[in-house]
Each structure stands twice: as structure tokens, then as C-alpha cells.
Participant: 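Quick one: structure below, then a few questions.
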Amino acid sequence: MMSNTTLKPGVVTGEAYATLVNAAKTGGYALPAVNVTGTNTINAVMEAAANANSDIIIQLSNSGAQFYAGRGIADGFKAKVMGAVAAAQHAHLLAEYYGICVVMHTDHANRALIPWIEAMLDEGEKYYEQHGKPLYSSHMLDLSADPIDFNLNESARILERMSKIDMSLEIELGVTGGEEDGIGSDFDEAADNSRLYTQPADVLQAYELLNPIGHFSVAASFGNVHGVYKPGNVKLRPEILKNSQALVQQTQGTSNNPLHLVFHGGSGSEKSKIAEAVTYGVFKMNIDTDTQFAFSQPVGRFVEANEKAFKFQVDPEDGTPYKKFYDPRQYLRLGEEGIIARLQEACEDLGSKGRSIARV
Ligand SMILES: [Zn+2]
């Protein structure tokens, strides 16, 4: 189904963000959510999206935000906050010139990082007062390691604050397991362990509490893991998502696929399972390590092929000047091009290629 809905290019928040999420869900595609750490990676992700004619989600982890601000800032906490602010301001200034819609988001924040979220919201509220829109489209609060009541009550408290400035919250439900559980060594035990899969009843509980407060999305565990397991150790079961949607729909009398679902830890997943998950309302898929390698690999090749230029400004034997090789723009651009190429594939896999709803 093609959507006739359009949005202005640039960072989308509030109603526009909700429109973009719904366009993806009804259009049967998901958006790549790519982790960035500086202007090179942000710009490369926006250029990739423009090339693919796809809208895109840009996200920063707390350490990515700190790196954005610079390692030289002695107060690491302040750097995590101000780096996130700087990245969002960069996107607000430039995204529209790429002609696509950009969602600005922060990645996993566990219990210890609640103060980071709250400090970003202080900044977001200030920005909202001046500009009538928030800095970020959404933040993620991942309290899945805590008891579900704590997870949901804290999520509700934070969402109350966020919805006042037109922001959305991403939460995580379900224990993804870990070595301390003794899970992961035994395939059969892992595959049968219900704790590895989000329970639809928990998703319903989240919907009942959070939906009246504001816009939110759910990262549910359906066999996806954050690099704890060897590939194939846990079976991807997208029907968990289908069952969660059905339970909420029946209990609450909503329309089809009421939940906005997010796919974490999907690296190496079978394409058919990704496509199936998208039909159950997944609108966002996180991509991080693949784009890190896509950036670094061409840089490594360039350094290898031009070894002397990284040792001498001028060739000691024949006097050849190497400036055009060691100029950081040369190899940083190659890294950017690596990300751009990798994300064309991601947009194809997720069905977002050619589907941008941005119109000038
Ligand atoms: Zn996660």
C-alpha cells in the first residue's frame, strides 16, 4: 500500500514523527536506525538515506554522545549530555538539505543512565521553549534488566515529561539473557526458555499504562540478542510480536498492529524473518556494528595502499608530496562512502528504499 502522506524534509518530531512511524507500518517497511559518533557518520547516514530515497533514524548511545562532545571534556557526564545536544543541533541545521526525514533518537539507557535522560530532557525543554519543537524525536529507556513494575513505572514517569514536549519514548521488555543465567551454552534449553522471549501479557501491561500518557514504542525480545550468543543459538520467533499485537488489539479493541515495535540485535538475522517481523508492526531496526566496519574497512585499505603517505609528508627518496593522501578528508570520505554503500543494502532489506515521504 502506498501512502499519500508527505512531510517536510528535516528532523521530524511529535505529530510528524507519529505520521512517519505510521507510514512505515502501513507501507510495510521499516527504517534503519544507525548509531553515529560524529559529524562524519551523521552526514554519511543522511547522504545514504538521500541516495536510497529513504527516511532514516539517527541514534547516539551515551558513549557516542560523549565522543561527539570530545574526549577532552573532563566532566564525562556533561559531555554525554552536551554531545547529544550538539548532534541534535547539527541534524536540525542540516537534515532538510538532504531532502529526507530524519528521526533523532538516543539508544539504550539503563537504570544508571536515567540521570542522562533527565539531563537531556532539561535541554530538550529549553529548546522546546525557544523553537516549539524538541531536540530529539525520542529517547530510549531500557529497564529490561529490572523488575517489570519498576521498568513500566519509571517509563511512565519519564514519558509524562516527554509527551509535554512532543517526544516519544522507546522501552524494552523481556530478559535477553546472559552468561550469568547459564543460558546460551545449551541450544535446546535456550530455545525453550520463555524468559528469552517477551511475554505478550507484559506488552499488554505496558500498552495499558503508557498509551494514555503518550507516544511510545517497544523493543521486544523475540530471539534477538545483543551479541551475547553465537549465531543460531537462539531461534528468532517473530510470531511473539504477532501474538503481542493480537492480544492488545483484542483486549483494547484497537485496529490492526496497535504497537510500534522495534528490532534490536538483528545482525545476522535471516532476511525472511526480518521481513516477517516488519509485517507485525516493526518500524525500526537498529544497525551499529555493520556500519562501523563499513566505515573502517575502506580506510584500512587506503592506508595499506598508501603506506608512505602515512609516514612521510614528502617521499624521502623521490620528493613526491603526499599531502593529497594524508589530508584527513581523503580517508574520512572513504569511510563515509563505506557507510553509504552498506546502508543501501539495509534500506533494501527493510523495504524503505524509494519510500521517503519527504516532499519539499
Ligand atoms: Zn535492546
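Whatever order the structure lists them in is the order used to number ligands and atoms, beginning at 1. This structure is a prediction, so every number in the text was calculated from the model and none was measured.
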Participant: Scan side-chain atoms only and decide if Glu276 and Tyr280 contain a donor-acceptor pair under the 3.5 Å cut-off.
Facilitator: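 Result is yes, a qualifying pair exists.
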Participant: Report yes or no: does Asp142 have an N/O/S atom closer than 2.8 Å to the Zn ion (ligand 1)?
Facilitator: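 Here the distance criterion (N, O or S atom, under 2.8 Å) is not met by Asp142, so no.
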Participant: With the Zn ion (ligand 1) as the point of reference, which N/O/S atom of His264 is the closest?
Facilitator: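 The closest N, O or S atom of His264 to the Zn ion (ligand 1) is ND1.
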Participant: I'd like the atom name of the N/O/S atom in Glu172 lying closest to the Zn ion (ligand 1).
Facilitator: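 Atom name returned: OE1.
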Participant: Any salt bridge linking Lys126 with Glu129? Criterion: basic side-chain nitrogen under 4.0 Å from a carboxylate oxygen.
Facilitator: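 Salt bridge: no.
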Participant: Would you check if Leu31 and Ile56 make a side-chain contact, meaning some heavy-atom pair closer than 4.5 Å?
Facilitator: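 The answer is no; the side chains never approach within 4.5 Å.
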Participant: Less than 6.0 angstrom separating the ring centers of Phe325 and Phe310, yes or no?
Facilitator: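 No, the ring of Phe325 stays outside the 6.0 Å limit from the ring of Phe310, centre to centre.
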